[in-house]
Amino acid sequence: MKLPNGPQSPAFVQMLRWVFSPMSFMEECAQRYGDIFSLRLQSNSSPIVFVSNPQALQEILTSDTKQFEASGELNQIFASLLGKHSVITVSGAQHQRQRQLLMPTFHGDRMRNYGQVIGNITEEIINQWQIGKPFSVRSAMQTITMRTIMQAVFGLYNSPRAQELEKRLSAMLEKGSSRLSAAMLYFPILQQDFGPLSPWGQAMRRQQQADQLLYEEINERREQADDSRTDILSLLMTATDEAGQPMTDEELRDELMTLLFAGHETTATALTWALYWIHKLPVVREKLLEELDKLGENPDPSTIFKLPYLNAVCCETLRIYPVAMLTFPRVVRTAVSLCGYELEPDTLVIGSMYLTHQREDLYPQPKQFKPERFLERQFSPYEYLPFGGGARRCIGLAFAQFEMKVVLAKILSRLELGLVDDRDVRPKRRGLVTGLERPIQMVVKNQHTVKSQILESIAG
Ligand code: HEM
């Protein structure tokens with residue numbers, strides 16, 4: 001078997017480039033080797049095949065699982081944090097079962113309830129911003145997405161336990177997003193607990209402290225069952241599988257941690273990028289305000305969700321620098337031909353959304369932020385895939401898009417903001433996902449009221 005071409009440098013060197021500059025590394029490889037290439041990221045295991053061609057991605061993501069399997073075994077890098085029952089770390093029938101339990105909680109009418117929750121949290125945060133005083137966009141967005149998960153997913157409002165848990169989880173995730181943490185996940189040899197001062201020892205202790213509170217909450221809910229609750233934890237606690245079995249405490253803990261891990265940092269980063277682009281490019285902001293202006297006061301979140309230009313801005317934000325660079329890995333189960341290469345069983349294949357979204361043939365001038373692309377043409381689910389695809393497509397896709405739109409609409413229609421520093425910002429690795437290379441500060445210039453609100457308040 002001849003694997004697709006790729007760099008010939010030692011695995012250790014490739015791994016370092018992968019940990020420290022994944023995007024430029026992938027771009028160099030794509031320029032040199034094309035739509036498909038192999039990287040050697042561990043000396044003792046086979047190379048991994050990276051793919052960015054949309055037709056090949058479609059084959060990988062939609063083919064029968066007998067051909068390309070999205071096995072949870074391949075995601076064991078996450079097991080130390082998410083546990084062995086997480087939807088991300090399980091495989092096959094168990095994976096399908098977990099998805100079936102989770103999916104309904106992210107759909108339909110439930111979204112309407114969450115819209116209210118997200119709107120209120122955003123209001124709470126922006127009320128703390130003062131005119132002329134700079135604030136960190138990333139921390140503000142992290143607080144919004146953390147509280148959204150705490151309330152919509154965990155059902156925890158302002159109780160002392162909620163506050164303590166928010167503190168512990170934030171500390172855990174913040175530390176977990178450093179390059180050192182990424183290196184610890186990629187190099188299992190670094191996962192050694194040499195006591196509370198060692199990096200891995202600290203990570204484990206932070207996690208145990210958060211787990212303790214989660215288990216306390218689960219126990220209390222079991223003792224004081226309340227049918228009127230609509231949060232995702234309550235729904236999961238009443239769900240049963242085909243054999244009539246409810247989820248165990250450990251399964252619930254793993255699923256909560258998974259939703260937090262998958263949904264908090266990702267959405268906060270997407271929101272931070274969106275606010276950056278909107279204020280970096282005044283014409284984008286003008287167009288958005290024009291659209292929001294037509295909505296009137298307190299628009300229904302589902303109306304916000306359907307706004308075409310806001311949608312295009314969110315899509316372009318997730319295209320240009322997708323928060324998740326890659327799909328989860330898939331493993332070849334039966335020999336298959338892909339982009340002219342014969343791949344043998346056990347070959348690992350990863351879709352690079354980052355490279356697909358940078359393709360000049362799909363997105364002319366790919367480094368430019370142009371929301372109009374999404375108004376002018378429709379992209380197939382394999383040309384535009386910020387949420388992956390197939391058996392492991394993001395469960396929180398609708399939730400994340402909804403959250404982005406409600407938060408942005410709320411902020412833009414209430415405040416006139418400006419970037420403190422107008423220099424360009426590039427992406428960089430943050431843990432296992434991507435983020436911004438430097439912190440973004442913004443400042444409130446004015447209380448902004450969209451025209452229709454002024455007119456209504458005059459009329460009222
Ligand atoms: C902008 C925000 C988000 C982005 C860019 C994003 C992206 C992704 C991607 C790329 C995948 C892997 C898909 C694949 O391999 O095909 C994924 C999986 C997943 N996402 Fe998201 N996500 C976001 C927000 C969320 C939210 C808000 C939640 C839930 C609260 C969530 C929950 C999950 C879960 C549970 C999985 C694993 C699915 C499985 O293994 O079956 N995500 N996400």
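Bear in mind that the values here come from a model prediction, so they are computed numbers and not experimental data. Along the sequence shown, residues carry numbers from 1. All ligand and atom numbering here is 1-based and tracks the order in the structure.
Between Lys84 and Asp254, no side-chain nitrogen of the basic residue sits less than 4.0 Å from a carboxylate oxygen of the acidic one, so the salt-bridge criterion is not met. For Glu316 and Lys370, the salt-bridge test fails: no basic side-chain N is under 4.0 Å from an acidic carboxylate O. With respect to Arg377 and Glu383, a salt bridge is recorded, a charged nitrogen being found less than 4.0 Å from a carboxylate O. Of the charged side-chain nitrogens involved, at least one lies within less than 4.0 Å of a carboxylate oxygen, so that Glu164 and Lys167 count as a salt-bridged pair. Using a 4.0 Å cut-off between charged side-chain N and carboxylate O, Asp421 and Arg438 make a salt bridge.
Contacts with ligand 1 closer than 4.0 Å are made by no heavy atom of Glu403, backbone or side chain. Both the backbone and the side chain of Cys394 come within 4.0 Å of ligand 1, counting heavy atoms alone.
Aromatic pair Phe20/Phe25: centroids not less than 6.0 angstrom apart. For an aromatic pair to be called close, the ring centres must be under 6.0 Å apart, and Phe374 with Tyr384 satisfies this. For Phe402 and Tyr114, the ring centers are positioned 6.0 Å apart or more.
Closest to atom 37 (C) of ligand 1, if we only count protein heavy atoms, is Ile88 CG1, 3.6 Å. The closest protein non-hydrogen atom to atom 40 (O) of ligand 1 is Arg392 NH1, 2.7 Å. Among protein heavy atoms, atom 36 (C) of ligand 1 sits closest to Ile395 N, 4.2 Å. Of the protein's non-hydrogen atoms, the one nearest atom 6 (C) of ligand 1 is Phe387 CD2, 3.6 Å. Considering only non-hydrogen protein atoms, atom 28 (C) of ligand 1 sits nearest to Gly396 CA, 3.5 Å. The protein non-hydrogen atom at the shortest distance from atom 32 (C) of ligand 1 is Ala262 CB, 3.4 Å. The protein heavy-atom contact nearest to atom 38 (C) of ligand 1 is Arg99 NH1, 3.5 Å. Of the protein's non-hydrogen atoms, Gly263 CA, 3.3 Å is the one closest to atom 26 (C) of ligand 1.
Considering backbone and side-chain atoms alike, Arg330 places an N or O below 3.5 Å from some N or O of ligand 1. Taking only nitrogen or oxygen atoms, main chain and side chain alike, Thr266 does not reach within less than 3.5 Å of ligand 1. Residue contacts with ligand 1: Leu318 is placed with no nitrogen or oxygen under 3.5 Å of a nitrogen or oxygen of the ligand (distance criterion only).
Using a 30° and 60° split on the angle between ring planes, Tyr321 and Trp273 fall in the tilted class, from 30° to 60°.
For the residue pair Gln358 and Lys367, a side-chain donor N or O sits within less than 3.5 Å of a side-chain acceptor on the partner.
A donor-acceptor contact shorter than 3.5 Å links the side chain of Glu437 to the backbone of Arg426.
Atoms of ligand 1 lying under 4.0 Å from at least one heavy atom of Ala324, given by number and element, are 10 (C). Less than 4.0 angstrom separates some heavy atom of His95 from each of these atoms of ligand 1: 39 (C), 40 (O), 41 (O). The Thr327 neighbourhood of ligand 1 comprises atoms 15 (O), with distances under 4.0 Å to a heavy atom of that residue. Ligand 1 places these atoms under 4.0 Å from at least one heavy atom of Met353: 10 (C). Remark: ligand 1 atoms within the under-4.0 Å shell around heavy atoms of Pro386 are 5 (C), 7 (C), 10 (C). Within ligand 1, counting atoms from 1 as listed, the ones closer than 4.0 Å to a heavy atom of Ala400 are 2 (C), 24 (C). Contact atoms of ligand 1 toward Gly388: 10 (C), 13 (C), 14 (C), 16 (O) (distance under 4.0 Å to a heavy atom of the residue).
By the 4.0 Å heavy-atom criterion, Glu265 is excluded from the residues contacting ligand 1. Residue contacts with ligand 1 leave out Met404, since none of its heavy atoms falls under 4.0 Å from the ligand. A heavy-atom separation below 4.0 Å is found between Gly389 and ligand 1.
Screening Met150, Glu217, Gln212, Met146 for a side-chain contact (heavy atoms from CB on, under 4.5 Å) with Leu165, the sole residue that qualifies is Met150. When Ser52, Ser352, Pro386 are each tested for a side-chain contact (heavy atoms from CB on, under 4.5 Å) with His357, only one passes: Pro386.
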Exercise for review: Report the C-alpha separation of Met237 and Ile218 in whole Å, then their side-chain angles, then the decisive distance to 0.1 Å, and conclude whether the side chain to side chain contact (heavy atoms under 4.5 Å, CB included) test is met.
Suggested key: CA-CA 9 Å; Met237 286 180 81; Ile218 293 171; 4.1 Å; yes

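Here the shortest heavy-atom distance to atom 29 (C) of ligand 1, taken over Phe399, Phe106, Phe402, Phe328, belongs to Phe106.
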